[in-house]
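Encoded as structure tokens, the structure appears first; notes follow it.
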Amino acid sequence: MTAPLRKGLGQVLRPLAHVLGHFAQVLGPRVHALARLMPPARRRELARQGTTRYGFGMGLALYLVITLAVLGNSVVHPTASFPGYGGDAEQYMWYLGWFWHAVGLGHNPFVTSLLNYPYGMNLMWNTSIVAESLLLGPLAAFVGTAAMYNLWFLLNFVLAGVLGQAILGRLGARQWLGIVGGLLVVTLPYLDTQALSHISLLTIELLLGLLLVLIKLIQDKPRRAWFWGVLAGLLLAMQFYTLLEVLVSATLTFILTLIVAWFAARQDLLRLLRRMPVSAVVAAVITAGVLAMPGVFEMLFGPYRVFNSVQPPNTYVVDLVNLILPTHAFLVHFPGTDPAAWFTGNYAEDNGYLGIPALLLLNWAIRRLWHRPLVRVLALVAGIVTLLALGHSLHLLGWPSPLPLPWAAFSLLPFIKDLLPARFMLYTDLAVVAISVLAVEDYLRHGGTGAGNRPYWLLGLMVATWLPVLPYPNTTLPQASVDMVSTSTIARALRNQPTYVLTVAFPETMQMLQLSDYSFPVANVYGHNSNTIARQQQLQGVQVLMNPNLAPEIYQTILVDDLMRLHVTRLYFLPRPNYGASTLPQEALRQINAALGPPIAASPTGSIVWRVPKAPVFDELQQP
């Protein structure tokens, strides 16, 4: 570590250490902060058992070990690799560094013209993770966005486990069951699958934190309820700036829960609502509204808004077979062909798995605790959201049957129509964990009678079948990243020049664009945008240059009709050896040189840059 870097880290971490030290002094060195969120009676009970000091520490250590195992190679090389597959991950890395870069230059962090040049993109219509960029961006300047991505990945899982354990403790689970429940939260099938690509969907600690605050407000009725309301509003705003889709789906699930509770446990619902402090609700609404206002304004009235549907219908849904058949994202799976190959959507969205042990345990738990209003409501809501997750029509091994399902009606509503139904399985998974743990707790409190050892076996098998596959898929950043160093020939040739990146997988190059310190705009786009069909065809047309079987006249059409109409001044070939594209096809290289002239820059990694001449015959630039 260089001296300037040590000095910079010291300047950032020293004040943080003082704040954390003061925080620890306030809470007390011998009691974990989350333990203080428990009811006093429950806390005294745990204190008598000698568990308050170590319960959360034991859970934290377990969740940390599991997450480090999933990170795998990224623990050793945090700046050069990351868990899961490429594409969306590198996009998130671009976003992690963007907020403070834009603010530092006095630019609007909610829009950019560095992507989809010259038209730009409205980042509030994309998964721009503003909240995480705001919090982690300063550190990314010292250790890189890849390391910050890995840190964010780690925090997501560990915090989800700790908060899940705290919630189950609040609901009455004993310590070891709370830890097992926290482990199940860390290994939710939803998380195991979405972790392959979508880290913004892993940030469930925001929803769990909000749930924990609501439980505290109802159970304890704290004297400073407004403070907890402000905290709830902050968590809501953070979820809005992390991923609006999850906030909308969570709101819809919450409304469904209230409706179900009204019919299934009305008196209990009214009693809980009467216990909710009004000051907390008001503080939450005001805090969330004020904090979300800039993003809402940019989304509704800002430039480059998206007016068309952002997702194809009836594609990203749960296949009925996926409920019992695990994909290769899980440690326990069937060898041979991955069932995910049969399902619609993509690998990272096939998160419908529950497994036979979990379904058997859930069946036993519901029958045992159906008389409890909480379990009754959770079971009904889990069934409803699972039905919604199946999509517009029932899918069987990838075949979309003509049998219509309720989501077809929900998909007609604004905002809701662009939700991906499969992602509702998050709420099913959480409900299954809560019902199962509470049933085992009830079984133990009644002396373990009536079912033999069956609950223990089913709970153990549920844990085993929910574990993610190890080693978990891991991706190494491309070697051509060295070309983004400011002193390299490639970087100097691209600086401040509108560029088209010719590569087999543009999304996987976005982290490289961040490494260049956002020094040049690109015409390429990955994300939701307002481009016309003509521009989309132009962008796709240039990509065809990677095809080795084109006729000579096709090359000329692409280079004149498509490339030069993109209003770029550079063509940048980025090799990707892991895709078998370490070089351009020889005919493509010859035709490009003939049309654009010899390269103005090249590097040992195989990267090549050409100057693109301006085309005077084209019409004036117009917004698509």
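Note that the numbering runs from 1 along the sequence shown for the chain.
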> Hey, mind stepping through Thr327 and Tyr353 against side-chain hydrogen bond (donor to acceptor under 3.5 Å, both in side chains) and telling me if it holds?
Replying inline: CA-CA 8 Å; Thr327 66; Tyr353 179 66; over 6 Å; no
> When you look at Glu90 and Thr509, which way does the side-chain hydrogen bond (donor to acceptor under 3.5 Å, both in side chains) test go after all the steps?
Replying inline: CA-CA 7 Å; Glu90 291 91 342; Thr509 69; over 6 Å; no
> Is there a ring-ring contact (aromatic ring centres under 6.0 Å, His included) between Phe82 and Tyr149 once you walk through the steps?
Replying inline: CA-CA 8 Å; Phe82 57 88; Tyr149 180 92; 5.8 Å; yes
> Would Asn524 and Tyr500 count as a side chain to side chain contact (heavy atoms under 4.5 Å, CB included) if you check the C-alpha gap in whole Å, the side-chain angles of each, and the deciding distance to 0.1 Å?
Replying inline: CA-CA 6 Å; Asn524 308 68; Tyr500 181 89; 3.7 Å; yes
>> Could you walk me through whether Asp88 and Tyr526 satisfy the side-chain hydrogen bond (donor to acceptor under 3.5 Å, both in side chains) test, starting with their C-alpha distance in whole Å, then the side-chain angles of each, then the deciding distance to 0.1 Å, before giving a yes or no?
In response: CA-CA 9 Å; Asp88 286 353; Tyr526 181 60; 2.3 Å; yes
>> What verdict does the side chain to side chain contact (heavy atoms under 4.5 Å, CB included) test give for Asp429 and Val185, after you've listed the backbone C-alpha separation in whole Å, the side-chain angles of each residue and the deciding distance to 0.1 Å?
In response: CA-CA 8 Å; Asp429 291 351; Val185 171; over 6 Å; no
> What's the verdict on side chain to side chain contact (heavy atoms under 4.5 Å, CB included) for Val433 and Trp466, showing C-alpha distance, side-chain angles and the deciding distance?
Replying inline: CA-CA 11 Å; Val433 171; Trp466 279 21; 3.6 Å; yes
>> Before you tell me yes or no, could you show the steps for Leu362 and Ile435 under side chain to side chain contact (heavy atoms under 4.5 Å, CB included), namely the whole-Å CA-CA distance, both residues' side-chain angles and the distance that decides it to 0.1 Å?
In response: CA-CA 7 Å; Leu362 181 64; Ile435 294 171; 3.9 Å; yes
>> Between Tyr427 and Thr257, does the side-chain hydrogen bond (donor to acceptor under 3.5 Å, both in side chains) criterion hold? Intermediate values first, please.
In response: CA-CA 11 Å; Tyr427 312 108; Thr257 302; over 6 Å; no
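Below 30°, between 30° and 60°, or above 60°: for Trp94 and Tyr518 the angle between ring planes is above 60°, a perpendicular geometry. Taking the six-membered ring where the residue is Trp, Trp98 and His101 present tilted rings, their angle falling between 30° and 60°.
Residues Asp418 and Glu245 form no side-chain contact, since every pair of their non-hydrogen atoms from C-beta on lies 4.5 Å or further apart. Side-chain atoms of Phe520 and Tyr117, non-hydrogen and from C-beta on, never get closer than 4.5 Å to each other. Contact annotation: the side chain of Tyr316 approaches that of Asn346 to within less than 4.5 Å [non-hydrogen atoms, C-beta and beyond]. Side chains of Pro326 and Phe334 form a contact here, defined as non-hydrogen atoms less than 4.5 Å apart. Put simply, the side chain of Arg535 reaches to within 4.5 Å of the side chain of Leu566, judged on heavy atoms. Looking at heavy atoms from C-beta onward, Leu559 lies in side-chain contact with Leu545 at the 4.5 angstrom threshold. In this structure the side chain of Phe343 reaches within 4.5 angstrom of the side chain of Asn322, judged on heavy atoms. With a 4.5 Å cut-off on side-chain heavy atoms, Met462 and Ser436 count as touching.
Atom CG of Leu252 is separated from atom CG of Leu413 by 8.5 Å, given to the nearest 0.5 angstrom. Separating the CG atom in Leu470 from the CG atom in Leu331 is a distance of 6.0 Å, to the nearest 0.5 Å. In this structure, Glu205 CD and Leu212 CG are separated by 13.0 Å, a value rounded to the nearest 0.5 Å. Atoms OG1 and CD1, on Thr251 and Ile255 in that order, are 6.5 Å from each other to the nearest 0.5 Å. In this structure, Thr127 OG1 and Ile199 CD1 are separated by 11.0 Å, a value rounded to the nearest 0.5 Å. In this structure, CG in Leu390 is found 10.0 Å from OG in Ser401, a value given to the nearest 0.5 Å.
Taking the six-membered ring for Trp and the full ring otherwise, the centers of Phe424 and Trp407 sit less than 6.0 Å from each other.
Every residue meeting the side chain to side chain contact (heavy atoms under 4.5 Å, CB included) condition with Asn126, not counting sequence neighbours, appears here in chain and number order: Tyr95, Met121, His528. A search for ring-ring contact (aromatic ring centres under 6.0 Å, His included) contacts involving Phe110 returns nothing, not counting sequence neighbours. Under the side-chain hydrogen bond (donor to acceptor under 3.5 Å, both in side chains) criterion, Ser74 pairs with Ser81, Asn474, not counting sequence neighbours. With sequence neighbours left out, the side-chain hydrogen bond (donor to acceptor under 3.5 Å, both in side chains) criterion links Asn363 to no other residue. Applying the salt bridge (charged side-chain N to carboxylate O under 4.0 Å, His left out) test to Glu508 and every residue at least two apart in sequence or in another chain returns Arg576. By the side chain to side chain contact (heavy atoms under 4.5 Å, CB included) test, Pro468 is found to be paired with Val70, Thr187, Asp192, Tyr472, residues two or more places apart in sequence or in another chain being considered. Remark: Phe297 engages Phe301 in a ring-ring contact (aromatic ring centres under 6.0 Å, His included) (not counting sequence neighbours). Among residues two or more places apart in sequence or in another chain, the side chain to side chain contact (heavy atoms under 4.5 Å, CB included) test is passed with Leu191 by Phe157, Leu188, Leu202, Ile204. In this structure, the side chain to side chain contact (heavy atoms under 4.5 Å, CB included) partners of Leu135, at least two apart in sequence or on a different chain, are Met238.
Of the possible donor and acceptor atoms, one in the side chain of Asp319 sits under 3.5 Å from a partner among the backbone N and O of Leu397. Listed for the Thr344 side chain is no donor-acceptor partner under 3.5 Å among the backbone atoms of Gly398. Thr499 places no side-chain N or O within donor-acceptor distance of the main-chain N or O of Val501, the cut-off being under 3.5 Å. Side-chain N or O atoms of Gln91 include none that pairs as donor or acceptor with a backbone N or O of Met510 at under 3.5 Å.
Sorted by first and then second residue, the ring pair (Phe, Tyr, Trp, His ring centres under 6.0 Å) pairs with a member in residues 241-262 form an empty list; sequence neighbours excluded. Here salt bridge (Lys or Arg N to Asp or Glu O under 4.0 Å) pairs that include residues 339-350, with residues two or more places apart or in two chains, are Glu349-Arg423. A side chain to side chain donor-acceptor pair (under 3.5 Å) check over residues 384-399, counting only residues at least two apart or in different chains, returns the pairs Asn314-Ser393, Thr386-Thr428, His392-Ser411.
A donor-acceptor contact closer than 3.5 angstrom links the side chains of Glu298 and Asn108. Residues Gln194 and Asn351 bring a donor and an acceptor atom of their side chains to less than 3.5 Å of each other.
Listed here is the closest heavy atom pair of Ala480 and Leu574: CB-CD1, 3.4 Å. For the residue pair Leu388 and Pro406, the shortest heavy atom distance occurs at CD2-CB, 4.1 Å.
Counted within 6.0 Å of CD1 on Ile533, heavy atoms from surrounding residues, nucleotides or ligands total 12 or fewer; the atom is thus considered open.
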